[in-house]
Amino acid sequence: MNGLSELAGPEKRRLLDLASGMDRIILLLLFETGLDLESLINLRVSDLDTQSGQLRIAANRKIQFSSAALSEIKEFLKSRPGQVYLLEGRCGKPVTSKWKRCVLENLQLRAGQEKQ
């Protein structure tokens with residue numbers, strides 16, 4: 001699992017409030033779909049159905065997410081025309097699993113500090 005499933009609603013909200021850009025999109029998708037980071041990494045923009053608000057994660061499997069998340073994802077993708085991967089990093093390649101260590105752990109630390 002993504003290590004975020006045990007977080008309560010306020011903790012998730014705090015992380016989302018601290019995140020921006022692609023980091024926020026990753027968190028939204030992790031929270032709303034229940035997928036782990038490894039499953040999200042290789043998703044392509046073409047796997048996103050912007051009409052129904054679904055992600056195709058396998059040939060016959062789709063996951064629904066909220067219209068609010070869809071709106072944020074669409075806005076995020078507007079600034080990245082031609083992007084192939086939904087979570088694309090540098091050089092046109094998907095983000096790596098290092099995101100969890102480099103970004104998520106930092107966000108969790110900041111969220112914990114703000115809580116105190």
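Side chains are part of it too, since the values below use all heavy atoms of this structure and drop only hydrogens, waters and symmetry mates. By convention here, the first residue in the shown sequence is residue 1. None of these values were measured; they are calculated from a predicted model.
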One should read off an interatomic distance between Glu72 CD and Leu27 CG, to the nearest 0.5 angstrom, of 10.5 Å
For Thr50 and Lys74, the nearest pair of non-hydrogen atoms, with its separation, is CB-CE, 3.7 Å
Rounding to 0.5 Å, atoms CD1 (Ile57) and CD1 (Ile63) come to a distance of 3.5 Å
In this structure, OH of Tyr85 is separated from CZ of Arg44 (nearest 0.5 Å) by 4.0 Å
Q. With a 3.5 Å cut-off and no angle check, do the side chains of Gln83 and Glu88 form a donor-acceptor pair?
A. no
- Just wondering, do Leu30 and Leu35 contact through their side chains at under 4.5 Å, heavy atoms? no
### Message
As a quick check of understanding, evaluate side chain to side chain contact (heavy atoms under 4.5 Å, CB included) for Leu37 and Ile26, giving each step before the final call.
### Response
CA-CA 8 Å; Leu37 182 61; Ile26 292 171; 3.9 Å; yes
Salt bridge (Lys or Arg N to Asp or Glu O under 4.0 Å) filter on Arg56, not counting sequence neighbours, yields Asp47
### Query
Phe65 versus Leu55: any side-chain heavy-atom pair under 4.5 Å?
yes
One should read off an interatomic distance between Leu16 CG and Asp23 CG, to the nearest 0.5 angstrom, of 11.0 Å
Rounded to the nearest 0.5 angstrom, the CG-CZ distance for Leu86 and Arg80 is 10.0 Å
Under a 4.5 Å cut-off applied to non-hydrogen side-chain atoms, are Leu87 and Met22 in contact? yes
- Query: Below 4.5 Å, heavy atoms only, C-beta onward: do Leu29 and Leu43 meet side chain to side chain?
  - Reply: no
* Taking NZ, NE, NH1 and NH2 as the nitrogens, is one of them in Glu75 or Lys78 under 4.0 Å from a carboxylate oxygen of the other? -> yes
Separation between CZ (Arg61) and CD (Gln54), nearest 0.5 Å, reads 12.0 Å
Practice prompt. For residues Leu48 and Leu70, determine if any side-chain heavy atom of one lies less than 4.5 Å from a side-chain heavy atom of the other.
Written response: yes
In terms of heavy-atom contacts, Glu32 and Ser66 come closest through OE1-N, 2.7 Å
Exercise. Does the side chain of Val45 come within less than 4.5 Å of Leu77's, by heavy atoms?
Worked result: yes
